[in-house]
Every structure is written in C-alpha cells, then in structure tokens.
There are 2 protein chains.
Amino acid sequence: MAQTTLDAFQVIADPSRRQILQLLSKESLTINALAENFDMSRPAVSKHIKVLYNGGFISIQTIGRQRHCVLKQDGFNAVQQWINYFDSFWQTKLKKLEDVLNIKAEKKINNH
Amino acid sequence: MAQTTLDAFQVIADPSRRQILQLLSKESLTINALAENFDMSRPAVSKHIKVLYNGGFISIQTIGRQRHCVLKQDGFNAVQQWINYFDSFWQTKLKKLEDVLNIKAEKKINNH
DNA sequence: AAAATGCGTAACTAAAAAGTTACATATATA
DNA sequence: TATATATGTAACTTTTTAGTTACGCATTTT
C-alpha cells in the first residue's frame, strides 16, 4: 500500500475499505476491533484506516492507546456529487423523451 | 489491464474512465473520437471501453466499422445505492441529534 | 518496574492494473 | 481490387496496490 493519499474513488474501490465503512456505520470501532472482522493482518487494516482517514471518510479519536474510528461525511461528498451529476443527466434525458412524446400526442389530437 | 470485468467501484476508480464517462455525457463518441482526448494510445482507450462496457456503464452501437459509445444507467446504480445507504445514515444521525436538542429545549421550557 | 496491550511503520513480496507495441481483421473508399 | 480506416487482441513491461513479517513505542495493567 505504497500511497495512502488516494482520491475518493480510489479509496472506495477496495472491498475491504468499503466493508470497514459498513462496519463503522453500525458502531464506532477501534483498529483492533475492526481487524477482528477480517482475515488480513492487523497492520493491513491499519493501512486501510490511514487511506480512509486521508480520504476524509473517517475521523479518529485517540483515547489512551486506543484509536476509535468514526464515519466522517467529507469523503462521501465527492462521490455523491459525481453521482448527482450523472443522475441529473439521466433525468434530463428522460425529460427530453417525455417532451417528444407529448408533442407527438398533441399532434395526434390536433390532426383528428 | 489484465481483467476487464471489475465491480462498479473499481470501474470508476480510474480517472481516465471517469473522464470517458464525462465526455459521453456531452455526446456519443466512437472509440477513435474518444482516444483523441487522451495522451494514451488508442488500444489503451479501447480496453477502458471494454471495462466500462462490462461494468454496464456504456452500451455500444456498431455502425459499419465504427463503434459508437453511449452512456448506460445500469453501472451507475450500484454506486448510487451505496451512496444512498450512507446518505440515509447521515440523515438518521442528524435526525437523532435534532431529537436530542428538542427534548432539551422542552425541558428548559417546562422547568421555567 | 515488568509485562501486556494497542497501535504505527519500515522493508519486503506478490499480485493486479495500466500502459505499450505489433499484428490481425473487417469495412469503407478510391 | 488495392488501400485506407476503425477497431480488437495478444504479448510484454512498468507501475501500483495489497498484503506480509518484524520491529518500535507509548500506554496500561499487574
């Protein structure tokens, strides 16, 4: 895991990181508690955490020697916006189709 | 690009592929027309197209020797749903916070 | 104070992804 | 029909990513 600063899309590309986010959506967890849910080693999880942290997907609260991971909205925003862009693309497309159909329907009514 | 069948999140992890989707949101384009927008070779673009196609992000209409790429909604859905899940997570969280604040406000009114 | 716990990090390996060039093939054009 | 065009694919190289083990360092606990 050479680079720990990836863009939001690269952050969520990894299935393990998405699962970490899933787990954190249920409850805040420490690094070790998270690692118990995976087959991989604890350091591997630790690195994923770093990636998620740098991407703004989680925040970390250190209590003594423990680090509690909590979901953070920032990272999700980039993805949200990207999806919104294409969402409005589809809606515009649908709208255009509707307009065409309406015009056709009107013509039918006027001609008969 | 060993594997051309990736999950939706891996498909959009690549910046070039996201740019292809952007370009296609403006107009349908052939493989060559797309390749003109990139520094990489035409075969490289061709492979990205394959990945996007297998992921359900685009459909392809073959006209003679040309292949016209068009956006397709299917691929976006998985990402959309994933984002929706966390979106409702944040909304629920906000709702809970509001409830707490309302209870506190009521108590204040009742006690004075 | 000694031992145990909860972590981070460095150094390395293995696997996967992205790119390249060279070539094959089908369709269109002169 | 010869040539140009639009593309796919195979074989290879390079780069990135994900994982490992070994180790170090605070902070707790005994």
Can you check the [X] [atom1] to [N] [atom2] distance for me, whole Å?
X     : N      : atom1 : atom2 : answer
B/D7  : C/dA17 : CG    : C1'   : 14 Å
A/I60 : C/dC7  : CD1   : C1'   : 11 Å
A/I63 : D/dT28 : CD1   : P     : 10 Å
B/Q10 : D/dT17 : CD    : P     : 12 Å
B/Q61 : D/dT7  : CD    : P     : 13 Å
A/H48 : C/dT9  : NE2   : P     : 15 Å
A/K50 : D/dG19 : NZ    : C1'   : 16 Å
A/D14 : C/dA17 : CG    : P     : 11 Å

Practice problem: With DNA chain D as reference, determine whether B/H68 or A/R42 sits nearer its 5' end, using the nearest nucleotide of each. | Solution: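 The answer here is B/H68.
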Choose from [options] the nucleotide whose nearest atom is closest to any side-chain atom of [X].
X     : options                : answer
A/L6  : D/dT17, D/dA22, C/dT21 : D/dT17
B/K47 : D/dA10, C/dT9, D/dT21  : D/dA10
A/R67 : D/dG8, D/dT20, C/dG8   : C/dG8
B/Q66 : C/dT20, D/dA6, C/dG6   : D/dA6
A/I31 : C/dT20, D/dT20, C/dC7  : C/dC7

Quiz item: Can you find a pair of side-chain heavy atoms, one from B/F57 and one from B/L71, that are under 4.5 Å apart?
Solution: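 They are not in contact (no side-chain heavy atoms under 4.5 Å apart), so the answer is no.
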Taking only side-chain nitrogens and oxygens of [X], does any of them come within less than 4.0 Å of OP1 or OP2 of [N]?
X     : N      : answer
B/S46 : D/dT7  : no
B/S41 : C/dT20 : yes
A/T30 : C/dC7  : yes
A/N32 : C/dT5  : no

Practice problem: Determine, using ring centers only, whether B/Y85 and B/W90 are less than 6.0 Å apart. | Solution: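 Between B/Y85 and B/W90, which both carry aromatic rings, the centre distance is not below 6.0 Å.
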Exercise. Between B/R65 and B/A13, just flag the one whose closest nucleotide in DNA chain C comes earlier from the 5' side.
Key: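 The residue closer to the strand's 5' end, by nearest nucleotide, is B/A13.
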Self-check item: Spatial distance of atom CD1 (A/I20) from atom CD1 (A/I49) [nearest 0.5 Å]
Solution: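 Separation between the atoms: 4.5 Å.
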Quiz item: Any salt bridge between A/R18 and A/D14, counting N to O under 4.0 Å?
Solution: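 No, this pair does not count.
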Exercise. Identify whether B/M40 and B/L34 are in the same connected component of the hydrophobic contact network (ILVMFWY, side-chain heavy atoms under 4.5 Å).
Key: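 Yes: a chain of side-chain contacts under 4.5 Å links B/M40 to B/L34.
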